[in-house]
Structures are given as C-alpha cells and as structure tokens.
Amino acid sequence: MTKTENIEAQEKDLDHGESLLAKLALEAELADYSPVKGCMVIRPYGYAIWEQIQSSLDKMIKETGHENAYFPLLIPESFLKKEAEHVEGFAPECAVVTYGGGKELEEKLVIRPTSETIINHMFSKWIHSYRDLPLLLNQWANIVRWEMKTRLFLRTTEFLWQEGHTAHATFEEANEETIKMLGVYKTLSEEYLAVPVIDGIKTESQRFAGAVTTYCIEGLMKDGKALQMGTSHYLGQNFAKAFDTKFQDQNSQLQYVHQTSWGVSTRLIGAVIMTHNDEKGLKLPPKIAPIQIVIVPIYKEAHEKDLVLNKCKEILRNLKSDFRVKIDDREQYTPGWKFNHWEVKGVPIRLNLGPKDIANNVVEVVRRDTNQKIKSVPQDGLKQYLMNLSTEIQETLFTQAKEFLNRNTFTVINENEFSTKIPSGGFLVGFWCENSVCEEILKQKYKATIRCIPFKVPVDQMKEEGYCIVCNKTSKQNVVFAKAY
RNA sequence: CGGGAAGUAGCUCAACUUGGUAGAGCGUCCGUUUCGGGUGCGGAAGGCCGCAGGUUCAAAUCCUGUCUUCCCGACCA
C-alpha cells in the first residue's frame, strides 16, 4: 500500500471521521462547544466563512426573484398540528416553551424547527388572487431541532440556515421552482464550496414531513460517509389545505396554492471541512475563504524590518481591491510558526516575503491546495498571477474532490456485493424495487440508506434494467446507497 | 435514550488504587537570543481539581446525584 492509499484508507475509517471533524473545527477556531448540549458557538473565523457562503447564496436567491423577510422564532403549538405528517415528523425534535412572564402559558409555543406553518398562516392572509402569485420569499434564521447525537456543524440542536418559501398558482410552476432552487444549491456547492454533489429525489422514507417530493444534493465526505447538503421540497397543496391558503384564479375559481420550500444550513461548513483537509489542517476554497491571501513578512535585522513591512504593505494595497488579503505582522511569532498557523486555518494562498525576494523583485507563493511552494514569482504582474492561481486552486479543490467521489462510487448488483462494499464507505449505485421494505432491510442490516434516486446515474455503463439488490425483483430504478451523517 | 470512556493551569495530561491543602510539558507574560518551516536560554504569573450534595478531624482522591464532551447503538438537515 502506498503512502497516499494509506492516508486515504485512514481517512475513510468511519470511526475517525467524527473526531477529525471536531479536531479541524476546534483547531482552526471555527467553533467551540457551548455549555448546553448540542449547541455550538460559531467563532469569528467560522462565522466569516458562513458570511461568505451567505452573501454568495443570498445574491443567487435574489437573482432568482426572491425577497428576504423574517418570521418569528416562536410558533403556536397548534400550528404544527395542522398538517398531520408534518407534526408527526417534527414533534419528537421540537423544543417547546411552556412558561413566559413568570406563568404557565395558555398555549405552548414551539421554537421553530422550520417555518412552513407560520409562513402559511401569513400567506393565507396575504394571498387572495392569482395576481398575488407567485409569492417568493426567503428568510435567514436560526432553528432548533432537538438532537440525540450532535456533531459540530453537521448536526447541532440549534443551527443557522436559510429557508425559502414560495407559493404558486400551478403544479408546473411550483415544481419548476423546486428544481430551479436545487440547481442553485448545486451551483453553490460545486462552484463555491468546491464540493461535488449528486442531485436527485428522496425516497418516501427520507422525504420531508409534509412534502410531496423532496429533492436533494448529496456530497461524499472524505471518510466515505454521505452528507445531505441541501433539500428542496415540492409541498403540493398539503400546507395550503391545512392553512386554507387559497386564491381566486382568472376564472374566479377558488384554488389552493402550490408551494415549495428549500434550505441549506451551516452544515455546508461541515461539508467543506470534511471535503477539503489534509494532515496539516483545512483547505478553504478561495471563493468562501475569509482570508484568501496571507502575507508573511520575513526579516532579521532591524533595518530589514521596515523595508520588508513596507513592501508587504505595498503589495497589500495592490491586491486589496481584488482579494481578501491580510499581512501577519505579529512580532511575537516566527515566520515558521505563522506558516503552520495559516495552514491549519486553510488560507488558500500564502506569500512569503523577505529581503532576498525584495532584492530580486519577487515573492514566494505557497498554495494550500497542493502545498506547492513557488519561489521567485515576479512582483510585476503579481495581481494577475494570483487571480489566475486563485481560480486554479478553486478548480483543483473541486477536481480533487470530484475524483475522490468518482473513485468511491461503485456499482453493486446484489446484497452480497453490497455487504462487502458498504463498510468502507462511498456511494453504491444499484437497482432498487421501489419497495420501502427493501430499503428498511438495508438500513437495519447495514445502517445504510438510499441517499437519492439520482437525476443522472453517477456511473458509466449502467444497465437500464436489473434486479433489486435486496429482493431480486426486476427493476428499472437505479438508486444511490450510502452510510450517511 | 441505552452501553463504554473522560472532565485537574489556556492546551495535553500526571497525582486518585492506599484521603493529609496540586505537578509536568507545551502555551502565556518579562528579559535576552532568533526570524526563509512550530527558535534557544533565563525568570515569572497562572488551578474552588466540571457542578451539587454526602461520608470524614480532613476529599482532586471515597459515595450519590447532575451537567458537558468523546466512542458504540436506536431518531434526524
């Protein structure tokens, strides 16, 4: 076994995946534990990553015609109960406020696990005519879902997310919206986070409580486990019927609206951590890195200090308009220490600048994605050089992750093959008879689930028809199985 | 929520078995030396031993409860 394979084998060890995540997140100062179980503090560097993701996504959400709004944290308990499947799905994970103002409340208030109910309540007030449609809203919010088992960023009791909620006149329009927003998520994940995903449809058992169809994007983490990174739901008229959200169409007929909801959360940060890292620490994609370039000044003598720092500042001024760039001019740390520090934090590009470089009118450039050190990059044209490099790093991180995903996506033709492959992780693609019993068997026996019915089967040369890997019935349905977070 | 482990200085841990007022390394601070991959040396500061009870003349140490974290299982973005 070569060294690389060995590392990958270790990384794929499912037992180590979790502690690796915590180690990376804590060491890079992204987050810290709170005194309350399952809650975490997002530290400034971690929050800055979230802000980058937020601003990119917020822009895309607005470009697709949505407006931001804010709905309250507390929801009357009765609202949750209006949609049968919804209450059944969420009741176990709801936190409920029973006291306020020093006395027991007449009606308990649920801390939102998601906002479909309160939003429908308002929609039913706001929507009267087809002229009010489509109604396209989004909110950035925190939500609470009580969790048994928690993991930094991947599963916490409280987390930050964005939830889009839309109402449309027709199924076609709503369904189109659902797929469009899933596409936005895919773009965000692949082009910004550099995390490749498989997009598809959830099976009935994995569907959002209250939805007609749930679409999702699924990523594959370095430890071989799948991660649901975003979902987009076609809600049909389920909530509209529960909340009486109706409109008059062009023919003066009263109709229930067709709705969608879609969300991604701070879990995306977990996905980045678990996709881009090495033994040194994080590797942040340039597009979401809070600091894209760090400049480390190197000097010995006092007279060199001014020379070097002035040159660093000059370079900073030059780069500032196009990069999030910082000079680490702290005196108490040596350059070597700083190199390690910024590698742990995943800064994509580092510039080392000392007297020798200044004499030769060059800088030393170190890229985090490959750890490659490029000596003697001319200072003339540096900005353009770094813009190209930044693009290249973004692409390389994606390519590395994509190759990992491809390398760990296998076809399986029967349960025996499934059972030998599933322990080492990865996506397994095989036929499924569409019976939830077979799905449940795999879950019980192997703790693996159907991640999705992919839009596009992620392996080449897959047959059109085969046999369900569990019951052996003829099937035309290829699905993606995996152990998941 | 069941099974296992852990919680002592900012961090990693020792001391606990056999109760007697707490120790190392790293980090921090001061000085000096260094600075192109976690500098070297000298000095100093820093702890209600997770929290709450109990046993005892005396508790980090024994007992009970509780909270948090980690690992393994049942539910979930």
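None of these values were measured; they are calculated from a predicted model. Heavy atoms only: backbone and side chains are in, while hydrogens, waters and symmetry mates are out. Protein chains get the first letters and strands the later ones, always in sequence-line order, with residue 1 at the start of each.
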Can you check the [X] [atom1] to [N] [atom2] distance for me, whole Å?
X	N	atom1	atom2	value
A:Lys37	B:U68	NZ	P	6 Å
A:Glu147	B:A74	CD	C1'	13 Å
A:Lys225	B:C71	NZ	P	9 Å
A:Lys149	B:C1	NZ	C1'	12 Å
A:Met40	B:C70	CE	P	12 Å
A:Leu21	B:U69	CG	C1'	14 Å
A:Leu26	B:U68	CG	C1'	14 Å
A:Arg151	B:U69	CZ	C1'	14 Å

In Watson-Crick or G-U wobble terms, both distances under 3.5 Å, what is the partner of [N]?
N	answer
B:G73	B:C1
B:G7	B:C67
B:C62	B:G54

Check: A:Leu284 main-chain N/O paired with A:Arg368 side-chain donor or acceptor under 3.5 Å: no
Any donor-acceptor pair under 3.5 Å linking the side chain of A:Lys283 with the backbone of A:Asp369? yes
Considering only the [atom1] atoms, how many Å lie between [N] and [M], rounded to the nearest integer?
N	M	atom1	value
B:C1	B:C57	P	38 Å
B:G43	B:G37	C1'	29 Å
B:G23	B:U34	P	36 Å
B:U55	B:A59	C1'	10 Å
B:A5	B:U18	C1'	24 Å
B:C30	B:A15	C1'	31 Å
B:U69	B:G36	C1'	41 Å
B:G46	B:G27	C1'	11 Å

Using 30° and 60° as the class limits, which term best fits the ring planes of A:Trp161 and A:Phe159: parallel, tilted or perpendicular? perpendicular
Name of the residue among A:Lys62, A:Gln162, A:Glu67 meeting side chain to side chain donor-acceptor pair (under 3.5 Å) with A:Asn138: A:Gln162
So [X], base contact, sugar-phosphate only, or nothing? Heavy-atom distance under 4.0 Å.
X	result
A:Thr156	base
A:Leu154	base
A:Gly38	sugar-phosphate

Ring centroid separation for A:Phe239 and A:Phe79, is it under 6.0 angstrom? no
Using ring centroids (six-membered ring only for Trp), state whether A:Phe418 and A:Tyr446 fall under 6.0 Å. yes
Can you list, by residue number, the residues of residues 74-94 of chain A that have a non-hydrogen atom closer than 4.0 angstrom to RNA chain B? A:Glu93
Does anything in residues 190-206 of chain A reach RNA chain B, meaning a heavy atom under 4.0 Å, and if so which residues? none
Sequence neighbours left out, what passes side-chain hydrogen bond (donor to acceptor under 3.5 Å, both in side chains) with A:Gln139? Give chain and number order. A:Ser115, A:Glu163
[X]/[Y] ion pair, N-O < 4.0 Å:
X	Y	answer
A:Arg367	A:Glu392	yes
A:Glu176	A:Lys180	no
A:Lys311	A:Glu314	yes
A:Lys338	A:Asp329	no

Summary of protein contacts for nucleotides 34-39 of chain B, nucleotide by nucleotide, where a base hit scores B, a sugar-phosphate-only hit scores S (4.0 Å, heavy atoms): -BBBBB
Do nucleotides 7-13 of chain B as a string where each nucleotide becomes B, S or -: B if the base has a protein heavy atom under 4.0 Å, S if just the sugar-phosphate does, - if no protein is that close. -------
Atom pair CG/CH2 of A:Asp328 and A:Trp342 - distance to nearest 0.5 Å: 5.5 Å
Considering only distance and modelled atom types, tabulate donor-acceptor pairs under 3.5 Å from the side chains of residues 346-358 of chain A, sequence neighbours left out.
| unit_1 | atom_1 | unit_2 | atom_2 | d |
| --- | --- | --- | --- | --- |
| A:Arg350 | NE | A:Asn352 | OD1 | 3.0 |
| A:Arg350 | NH1 | A:Glu343 | OE2 | 3.0 |
| A:Asn352 | ND2 | A:Glu364 | OE2 | 2.8 |
| A:Asp357 | OD2 | A:Gly354 | N | 2.9 |

For A:Leu227 and for A:Ser34, locate the closest nucleotide of RNA chain B by heavy-atom distance; then report the residue assigned to the nucleotide nearer the 5' terminus. A:Ser34
Does OP1 or OP2 of B:A74 have a side-chain N or O of A:Lys447 closer than 4.0 Å? yes
Would you say A:Trp146 has more than 12 foreign heavy atoms packed within less than 6.0 Å of its CH2? no
Kindly give the heavy-atom pair with the smallest separation between A:Ala482 and A:Ala226, and that separation in Å. CB-CB, 3.7 Å
Could you walk me through whether A:Asp223 and A:Lys225 pass the salt bridge (charged side-chain N to carboxylate O under 4.0 Å, His left out) check? CA-CA 6 Å; A:Asp223 61 3; A:Lys225 281 193 190 175; 5.4 Å; no
